[in-house]
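I have placed the structure first, in the form of structure tokens, so that the comments after it can refer back to it.
Worth knowing before you read on, the calculation uses all heavy atoms, side chains too, and leaves out hydrogens, waters and symmetry mates. For ligands, and for the atoms within them, numbers begin at 1 and follow the listed sequence.
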Amino acid sequence: MVGYKFMGKAHSHAYRDLPFYFDCDVEPVLQAVVGRDEEGVRAAAEKMGFATYETDWKRLIERDDIDLIDIVTPNNTHAEIAIAAAEAGKHILCEKPLALTLEDAQRMYNAVKKNNVVHMICHNYRFAPAIQFAKKLIQEGRLGKIYHMRAQYLQDWIMDPKFPSVWRLKKEVTGSGALGDIAAHSIDMARFLVGEFEEVTGMMETFIKERPVADSSGGLSAKSDSTIMEEVDVDDASAFLVRFENGAMGVFEATRFAGGNRNGNRFEINGSKGSIRWDMESMNNLEVYFADDESGIQGFRNITCTEEQHPFAGAYWPAGHIIGYEHTFINLMTELMKGVSERNSPSPNFEDGIRNQEILAAIEKSVETRGWVNVKQMRL
Ligand code: 4PW
């Protein structure tokens, strides 16, 4: 694994717990973790249970005891590491968004295809059992023809103007702000549940134009005493409209300025026969409405997705004993292990990463041109 902070913790925990709940033909072995700061990476290796550590990711590429490389570093490093890993025949799991630009994402995809390695991108939220169950309902036609998806990804961790200029706020490191960091998850959810995007039109805003320089690269709870200010060159908030290829309409909002919403990743989908609603902060629940319910008792019902019929849920606890955020990563990595043993790349993979990146690029172009942008025209 390259990197060991927030996502490093989520990923290594998932690899460790996966064999406890799931029987896979291949099992993850935490062989080496990489970080530039030797003291930090040594401590991380010990805490997370890696056998060894390295201070240069290139060493991982050279080592023949490494079969899979997991990239949990900031976005500007994904392309170089993934391409080198693919060239060395290593399977890859990469954090989202795939790259800073569509061009880099395409180079990464070309490399994994050429070298025939298994690849996935870490859109973990679609692995909540409630989401997998929602997909099943939609595929079975239980919602009928889909008309609407309205999705919001609402956070508030940078509302304080004194919050420092951490890496997630620097274009050259992260690519974009709320758009690539959190709208990318809603885009993945929409592609998974509703279908491909045809065209988009969007708007982006940066409310706080400069911030104190960060003491370190910084996480979601960083602090800084610096009085030196730095320009913020990514979006604090983005919103966009979508026309899906199947005719559905989408209304999307992603912001880090929705006070009181810590990780409000939620959506509603309406079809001709029914509707569903989901909110990450109560991720086990799927609200479902069926139009053919008897009149008088119609309305949204709340299904707690912990039964055996709910994908992945049966592997954990008896019905009603809920699971949490970290389990979406375990579920995703179970698919990754299956992919490695069967030599295929489960979705979401680098192809999904490119489709996602095309949509992100189309939204940015529409903001620039103040109009609608056809997503396929972005394809390289
Ligand atoms: O991927 C996202 C992160 O970059 C996460 O799902 C949530 O928002 C938590 O941290 C950020």
## Note on the structure
Across all chains, not counting sequence neighbours, the side-chain hydrogen bond (donor to acceptor under 3.5 Å, both in side chains) partners of R262 are D156
For [X] and [Y], take the angle between the two ring planes, folded into 0 to 90°, and tell me which bin it lands in: parallel under 30, tilted 30 to 60, perpendicular over 60.
X: F329; Y: H11; result: tilted
X: Y21; Y: W317; result: perpendicular
X: H119; Y: Y109; result: perpendicular

## Note on the structure
Counting only non-hydrogen atoms and a 4.0 Å cut-off, the residues near ligand 1 are F6, K96, Y125, Y153, Q155, R168, D181, I182, H185, L220, N263
### Message
Is there a side-chain contact between W278 and I269 in this structure, where contact means two heavy atoms from C-beta onward sitting under 4.5 Å apart?
### Response
no
### Task
Please determine if R142 forms a cation-pi arrangement with F290, meaning its NZ or CZ atom is less than 6.0 Å from the six-membered ring centre and no more than 45° off the ring axis.
yes
